[in-house]
Amino acid sequence: MKIGVLTGGGDCPGLNAVIRAVVRKSYKYGWAVVGIKKGWKGLIEGDAGQLTLDSVSGILPRGGTILGTSRTNPFKDEKNVEKVLENIRKLGLDALVAIGGEDTLGVANRLHGMGVPVVGVPKTIDNDLSGTDYTFGFDTALSIATEAIDRLHTTAESHDRTIVVEIMGRHAGWIATMAGIAGGADVILIPEVPFDIEEVCEIVKRRYENGKNFAIVAGSEGAQPKDSSKLMLKDAEEDEFGHVLLGGIGSVLEKEIERRTGAETRSVVLGHLQRGGTPTAADRVLATRFGVAAVELIKNGDFGKMTALRGTKIVPVDLEEAVKELKTVDMDLYNDVAKTFFA
Ligand code: F6P
């Protein structure tokens with residue numbers, strides 16, 4: 001038995017822990033593992049190499065992915081789909097583990113529909129994949145964003161400033177919501193709830209009127225104004241899966257808040273700091289459990305499935321269910337918990 005493993009989409013802390021677990025568990029069964037380079041691009045180009053116990057030794061705490069990654073979508077061009085199928089045959093793969101978010105697993109699901117024996121592992125710092133309570137990588141990103149908010153408090157307070165912190169999350173504001181709650185942000189803006197710039201400024205003003213000399217605004221990069229004529233965001237390009245490449249809400253808010261409230265304001269973009277570096281212990285454990293479970297799915301011939309966390313258990317869910325819609329922020333969490341602490 002020979003299985004392939006690939007990592008696609010944005011990198012994410014814990015990817016190496018999954019790869020290691022897949023290899024270690026496969027070796028217990030006497031299977032060989034082939035590492036596909038740079039996601040689906042590697043299967044289009046036939047770029048792959050054997051993974052051994054040696055090659056995965058020491059990678060558990062390492063960020064990024066030893067296999068490299070890309071946002072390549074083979075379904076953009078039918079010829080590339082044929083190349084993927086041909087390379088699966090040429091490499092002699094009996095099964096494939098695709099580690100990724102909605103885009104990578106969307107491709108896996110379509111390939112499964114074409115008869116490819118594939119299983120998925122849910123990865124994204126955004127935590128926006130359906131079918132699983134959590135994706136690995138989210139806990140690490142959340143810790144980094146929370147630490148950033150903690151650090152911004154002391155500098156904002158020392159300088160009597162408002163600081164806007166721009167947090168990753170294009171279509172779902174899980175990191176901003178949870179880091180905002182954990183870090184005590186005064187306003188949290190997420191893509192799911194279009195904001196009114198006047199209300200945001202009222203909140204900031206009220207905080208100063210109540211005797212505080214600083215404020216922290218946590219905003220997802222995908223947060224949108226209710227009325228775009230009141231606040232212009234810059235045009236964004238799209239990637240191969242049609243997602244806009246965002247960024248810039250922080251600096252727009254910085255200028256508007258300062259102009260409308262008179263409070264000296266700064267902004268900081270956390271960007272890829274949220275994705276780099278070593279995974280938290282919780283992410284290492286979740287990634288390891290997912291990797292082991294993915295090999296079990298293959299052993300049972302349970303293809304077209306993704307490993308998922310439901311409560312405390314790892315269970316299989318259909319890839320179809322995982323990719324059919326994005327898991328957006330729980331509105332009870334946002335409205336009942338997060339908003340309680342808006343200034
Ligand atoms: O999907 C993960 C993610 O980190 C998003 O939160 C973010 O919008 C996007 O990737 C950034 O993509 P890139 O690394 O291609 O700039």
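Read the numbers this way: they start at 1 and go in the same order the structure lists the ligands and their atoms. Residue numbers count from 1 along this sequence.
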If I apply the N/O under 3.5 Å rule, does Asp126 come out as touching ligand 1?
yes
Number the atoms of ligand 1 from 1 as they appear, then name those within less than 4.0 Å of a heavy atom of Gly169, with their elements.
6 (O)
At under 4.0 Å between heavy atoms, is it the side chain or the backbone of Glu221 that contacts ligand 1, or both, or neither?
side chain
OG1 (Thr177) and CG (Asn127) are apart, to the nearest 0.5 Å, by 10.5 Å
Rounded distance (nearest 0.5 Å) linking atom CG of Leu85 with atom CG of Asn80
11.0 Å
I'd like to know if Arg71 contacts ligand 1, where contact means a heavy-atom distance under 4.0 Å to any ligand atom.
yes
Suppose I only count heavy atoms of Arg275 and a 4.0 Å limit; which atoms of ligand 1 are within that range?
3 (C), 4 (O), 9 (C), 10 (O), 11 (C), 12 (O), 13 (P), 14 (O)
Which atoms of ligand 1 are found less than 4.0 Å from any heavy atom of His272?
13 (P), 14 (O), 16 (O)
Quick one: CE on Met306 to CD1 on Ile314, what's the gap to the nearest 0.5 Å?
10.0 Å
Partner of Glu86 under salt bridge (Lys or Arg N to Asp or Glu O under 4.0 Å), picked from Arg89, Lys83, Lys90, is Lys90
Would you check if the distance from the ring center of Phe214 to the ring center of His159 is below 6.0 Å?
no
With a 4.0 Å cut-off on N to O distance, would you call Arg310 and Glu321 a salt bridge?
yes
Heavy-atom gap Gly101 to ligand 1 smaller than 4.0 Å
no
